[in-house]
Amino acid sequence: MKALAAVAVVVVGGYLGATVVTGNKIAAAYDARAEKLEKQFPFVRVVHRQAEKGMFSSTYSGKLRIGCAPAAGAGGEAAKAGKTLDIGFRDRVLAGPLPGFSTIGAAVIESEVVLPDEVPEGVRKYLAGMKPQDIRTVVGYGGDYNTRVRLPGGDIALPTGKLSWPDVHLSGAGNFDGGAFTFDGTLPELAFVGAEKGGKSTLDVKLAKLRWQGTSLPADSFWLRPGTSTLDIERLEVLANAGSKPVPAQIGKFRYLAEVKADKDLLDAKAAFTADATLRIGEDAKPIQLDNFEFQEAVRHLHGPTLQKVLETSMAQLSSTCEGGKLSQEDAAALGLEMMQTLAQLLPHAPEISVDKLAVTYEGQRGEMSFSASAPGLVAEDVEEPVVMKAKLQANLLVKASARLPVAWVQLLGERSGDPAGAPQRVAQAHSMVDLAVGKGFAVRVGEFLASTVVLEKGAVLLNGKPMSEGK
């Protein structure tokens, strides 16, 4: 019995000791996170911080102050410019190794959010009604965390209408040391019924089956982390009542993708979305069906260290504005010039902006367009003086644009752009304009399509492969 009692004392003592160590680590983590947050976002401050520490649990509370607080004694415009928004938080931390005796880990954190009076009453009441378990984070001993959020279904009356939704589930996982971060979320449905005008709702919106997810990879800069994110919506329905002509629209199979990749110091960013859409103007109008709509844009060869300097300068300006008040015109002009000089350092790395694809299928026919702009060949010496840089940019500017559209769309445009009686005349005029464009060299016929390409390079313009003057 004495041996068992001794073992019990050791176990309990060890558990209590582990709990104390874990609690101290969590407290230190709170301090570090607050310091890091304020460093990354100078316009955010953690204020009114309080800590109530216990053996098995502790409570940390405070407010996130967003914006610049007005200087003491400030009035008039200065006081208005210094308005802030304080969002309160309260975290109950159950210390490990068996936090709340519900799991194994360093801690379990149950969070609550308190909104200020400036936020609409319906939103404040909704958050106030959430349970602490609705925002729950499990923290591991290696600094990893896993957060689960449940936003209960409900409805909120807004000045413009009523918003309603079922339960929303969100999750996120990562490491407090800044490693990879993943997130996921689902929203089964979201409905908005606009305020009535003349006995009818001005705008109704219904969104079905939304999901967003993504991954953010480690990087030295919070702002320049590589990663991907996607947003999928099964269906979006909109009904706008504009007088006697209701305008219904439906978008289906919507998918948005954003991606940032890093190759040493260079970043490539792209965004793309696809969807199908139906639009009808008026109750008796024929629906306009747009299939497989695609939009892809990209920015390539962005120099990461230069972008980091730009971000640091911007944050420093925000911080100095919060701390020192309004900048003089001379200081603002000097900062603007400094920012432009820093941005110019991007040019020797040949950045490019492009719309890689803008395409849609209408009545079984698909049209596509694309565009890109860059200024390759510049070196560091070319951007040191504004006058030299401007001349070099003009000399090295490379712009490309192309389009490929179905000839059948010309016929459809003439038939459906007005009253039926005038359709034959409109169709004839549309075909005459096409013939004129082809005759002038602005477009070429490629089977059942009209195609056109424009290239601006070293100050010269090529239209469909010929110097611009020859195409007129």
Counting only heavy atoms from other residues, nucleotides and ligands, does the tally under 6.0 Å from [atom1] of [X] exceed 12?
X: E448; atom1: CD; answer: no
X: R124; atom1: CZ; answer: yes
X: I353; atom1: CD1; answer: no

Can you name the nearest heavy-atom pair linking [X] to [Y], along with the distance?
X: P218; Y: P226; answer: O-CD, 4.1 Å
X: N292; Y: D276; answer: N-OD1, 2.5 Å
X: Q345; Y: P348; answer: O-CD, 3.3 Å
X: A443; Y: S452; answer: CA-CB, 4.4 Å
X: T215; Y: T182; answer: OG1-CG2, 3.7 Å
X: L405; Y: G367; answer: CD2-CA, 4.1 Å

How long is the gap from [atom1] on [X] to [atom2] on [Y], to the nearest 0.5 Å?
X: F295; Y: L358; atom1: CZ; atom2: CG; result: 6.5 Å
X: K458; Y: N396; atom1: NZ; atom2: CG; result: 5.5 Å
X: L158; Y: I156; atom1: CG; atom2: CD1; result: 6.5 Å
X: L210; Y: L190; atom1: CG; atom2: CG; result: 8.5 Å
X: E294; Y: K357; atom1: CD; atom2: NZ; result: 4.0 Å
X: I109; Y: R136; atom1: CD1; atom2: CZ; result: 11.0 Å

Decide yes or no on side-chain contact (heavy atoms from CB on, under 4.5 Å) for D268 and V260, but give the supporting numbers first.
CA-CA 6 Å; D268 290 349; V260 176; over 6 Å; no

Residue pairs meeting side-chain hydrogen bond (donor to acceptor under 3.5 Å, both in side chains), one or both in residues 367-387, sequence neighbours left out, come to S370-S402

Hey, does the side chain of [X] reach the backbone of [Y] with a donor-acceptor pair shorter than 3.5 angstrom?
X: H349; Y: H303; answer: no
X: N464; Y: T453; answer: yes
X: D167; Y: R150; answer: no
X: W212; Y: F183; answer: no
X: R225; Y: L217; answer: yes
X: D204; Y: V238; answer: no
X: Y256; Y: I233; answer: no

With heavy-atom distances below 4.5 Å as the criterion, would you say the side chains of [X] and [Y] are in contact?
X: V438; Y: V444; answer: no
X: P351; Y: V299; answer: no
X: R235; Y: E237; answer: yes
X: V454; Y: L462; answer: no
X: L346; Y: L307; answer: yes
X: F192; Y: W165; answer: no
X: L393; Y: L378; answer: yes
X: V113; Y: I87; answer: yes

Between R300 and S354, does any side-chain donor sit less than 3.5 Å from a side-chain acceptor?
yes

Please determine whether side chain to side chain donor-acceptor pair (under 3.5 Å) holds for the pair R366 and T361, giving the CA-CA distance in whole Å, both sets of side-chain angles, and the decisive distance to 0.1 Å.
CA-CA 4 Å; R366 189 162 184 79; T361 298; 2.8 Å; yes

Basic-acidic side-chain contact under 4.0 Å: R211, D184
yes

Not counting sequence neighbours, which residues clear side chain to side chain donor-acceptor pair (under 3.5 Å) with T278? List them please.
Q289

is_close_aromatic(F89, Y60), centroid dist under 6.0 Å:
no

Test side-chain contact (heavy atoms from CB on, under 4.5 Å) on Q429 and V434 and set out the steps.
CA-CA 9 Å; Q429 291 175 342; V434 169; over 6 Å; no

Take T230 and R255, measure what side chain to side chain donor-acceptor pair (under 3.5 Å) needs, and give me the verdict at the end.
CA-CA 7 Å; T230 60; R255 181 175 178 81; 4.5 Å; no

Given the rule in the side-chain contact (heavy atoms from CB on, under 4.5 Å) test, do V310 and M339 qualify, once you have shown the distances and angles that lead to the verdict?
CA-CA 7 Å; V310 172; M339 182 69 75; 3.5 Å; yes

Does D134 form a side-chain contact (heavy atoms from CB on, under 4.5 Å) with R148? I'd like the steps, not just the answer.
CA-CA 8 Å; D134 287 335; R148 294 286 185 269; over 6 Å; no

